[in-house]
2 protein chains.
Amino acid sequence: MWRYIILYGFVVAGLVVIMNWLDFHFLMHSLSMEIYLGLVALIFAFTGGWIGWRYTRPSMAGSAQIETTSDVPTTELTNDTSGLSPRELEVLELIAMGFSNQEIADKLFVSLNTVKSHSSNLFLKLDVKRRTQAVSKARELGLIH
Amino acid sequence: MWRYIILYGFVVAGLVVIMNWLDFHFLMHSLSMEIYLGLVALIFAFTGGWIGWRYTRPSMAGSAQIETTSDVPTTELTNDTSGLSPRELEVLELIAMGFSNQEIADKLFVSLNTVKSHSSNLFLKLDVKRRTQAVSKARELGLIH
DNA sequence: AATGTCCTCACCCGAAAGTATGAAATCGCT
DNA sequence: AGCGATTTCATACTTTCGGGTGAGGACATT
């Protein structure tokens with residue numbers, strides 16, 4: 001959360017610098033002050049909106065990369081398991097099917113605590129906080145169908 | 001959907017009014033132009049970011065067809081939504097994206113209790129017991145993708 | 001005006017999920 | 001033989017979810 005605020009701050013600061021650089025040397029001679037202010041407001045409003053939209057998706061938590069193109073690495077990650085162990089993948093699939101931890105424990109013949117351990121570990125590896133988020137991210141990564 | 005755009009417009013408009021009110025009567029005498037511009041930029045950037053943060057809404061299976069034109073609202077209602085109301089569908093989509101109830105409440109400008117109500121209702125309609133199960137079933141039914 | 005649906009919100013309570021920490025057994029690898 | 005990864009399980013604790021119930025306002029239909 002905080003990293004985004006900080007990143008956001010830097011972006012804003014950079015834009016402020018840019019605006020100041022453009023300041024009285026270029027625009028002021030051709031535009032009125034109101035239009036200038038309006039432009040500033042619009043640019044920053046849309047920038048803020050874009051940043052807010054881009055960096056608050058739960059599935060993107062932890063990765064601050066900016067996608068400029070439609071990427072191929074997704075298919076590369078399809079075969080990769082993102083460091084998930086076989087058992088964790090198994091639990092993840094059952095989670096995606098909508099089973100509760102207790103049901104998963106029963107299916108895998110292990111204790112509830114074990115399932116919790118697996119899920120906690122895979123949440124760490126996927127960098128998520130909730131099981132629904134894990135399902136969403138795993139689907140993006142192609143870990144599950 | 002539109003309510004947020006309209007709300008956004010009003011917020012921006014309100015801020016413009018505020019800025020104009022403050023314009024040359026108050027700040028200009030005490031602050032330099034650079035600081036003034038910086039304030040404008042900051043306020044609008046953060047406003048945009050705030051709006052963008054809440055407007056993390058995907059256009060999904062059902063409404064993707066609606067957005068293109070405006071002539072088939074009837075078809076949209078007759079589309080198979082398994083009896084889910086628009087709001088419930090909205091909550092369901094955000095659940096599928098991995099948001100917590102509190103996050104959904106923040107994004108939709110409603111209280112946590114309201115989100116709980118919606119989710120409980122859609123769980124009843126989908127005949128499921130957990131949110132992960134709801135996501136799984138909704139995906140099967142093609143309500144989300 | 002009455003009805004029904006939807007959206008909103010509240011409170012309480014129990015269940016499920018998740019965090020933190022530790023630990024033991026197994027297996028592959030060097 | 002030691003190391004790391006994996007799997008298993010445990011306890012204790014906090015947070016989130018979900019059920020139950022009720023209720024008021026907005027809106028459209030009848």
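The structure presented is a predicted model; accordingly, all values stated were derived computationally and were not measured. Numbered from 1 within each chain, the chains take letters A, B, ... in sequence-line order.
When rounded to the nearest whole Å, the span between CD1 of Ile104(B) and P of dT16(D) equals 13 Å. Residue Lys129(B) contributes atom NZ, which lies 17 Å from atom P of dG14(C) at whole-angstrom precision. Following rounding to the nearest Å, Phe99(A) (CZ) and dA17(C) (P) show an atom-to-atom distance of 12 Å. Atom CG in Asn101(A) sits about 13 Å away from atom C1' in dT19(C), given to the nearest Å. Regarding Gln102(B), its CD atom lies at a distance of 13 Å from the P atom of dT15(D), rounded to whole Å. Atom pair Glu103(B):CD and dT16(D):C1' shows a separation of 11 Å (rounding to whole Å applied). Between the CD atom of Gln133(B) and the P atom of dA16(C) there is a distance of 12 Å, rounded to whole Å.
Checked for salt-bridge contact, Lys137(A) and Glu140(A) miss the test: no charged N lies under 4.0 Å from a carboxylate O.
Listed nucleotides dC17(D), dA17(C), dT19(C) differ in distance to Ser100(A); the shortest reach to its side chain belongs to dA17(C). When each of dG18(C), dA16(C), dG18(D) is scored by its nearest atom to the side-chain atoms of Lys116(A), the top-ranked nucleotide is dG18(C).
A cation-pi arrangement, defined by a distance under 6.0 Å to the six-membered ring centre and an angle within 45 degrees of its axis, is present between Lys107(A) and Phe99(A).
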Please list, pair by pair, any protein nitrogen or oxygen found under 3.5 Å from a nitrogen or oxygen in nucleotides 25-27 of chain C.
none

Could you list all N or O pairs between the protein and nucleotides 6-10 of chain D that sit under 3.5 Å apart?
residue: dT7(D); atom: OP1; partner: Arg87(A); partner atom: N; Å: 3.1
residue: dT7(D); atom: OP2; partner: Ser85(A); partner atom: OG; Å: 2.3
residue: dT8(D); atom: OP1; partner: Arg87(A); partner atom: NE; Å: 3.3
residue: dT8(D); atom: OP1; partner: Arg87(A); partner atom: NH2; Å: 2.8
residue: dT8(D); atom: OP2; partner: Arg87(A); partner atom: NE; Å: 2.9
residue: dT8(D); atom: OP2; partner: His118(A); partner atom: NE2; Å: 2.9
residue: dC9(D); atom: OP2; partner: Ser111(A); partner atom: N; Å: 2.7
residue: dC9(D); atom: OP2; partner: Thr114(A); partner atom: OG1; Å: 2.9
residue: dC9(D); atom: O5'; partner: Thr114(A); partner atom: OG1; Å: 3.4
residue: dC9(D); atom: N4; partner: Ser117(A); partner atom: OG; Å: 2.8

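Under a cut-off of 6.0 angstrom, the local environment of NZ in Lys129(A) is sparse, with at most 12 non-hydrogen atoms contributed by other residues, nucleotides or ligands.
For Arg131(A) and dG18(C), the shortest distance from a side-chain N or O to OP1 or OP2 is below 4.0 Å.
Remark: Ser117(B) engages no residue in a side chain to side chain contact (heavy atoms under 4.5 Å, CB included) (not counting sequence neighbours).
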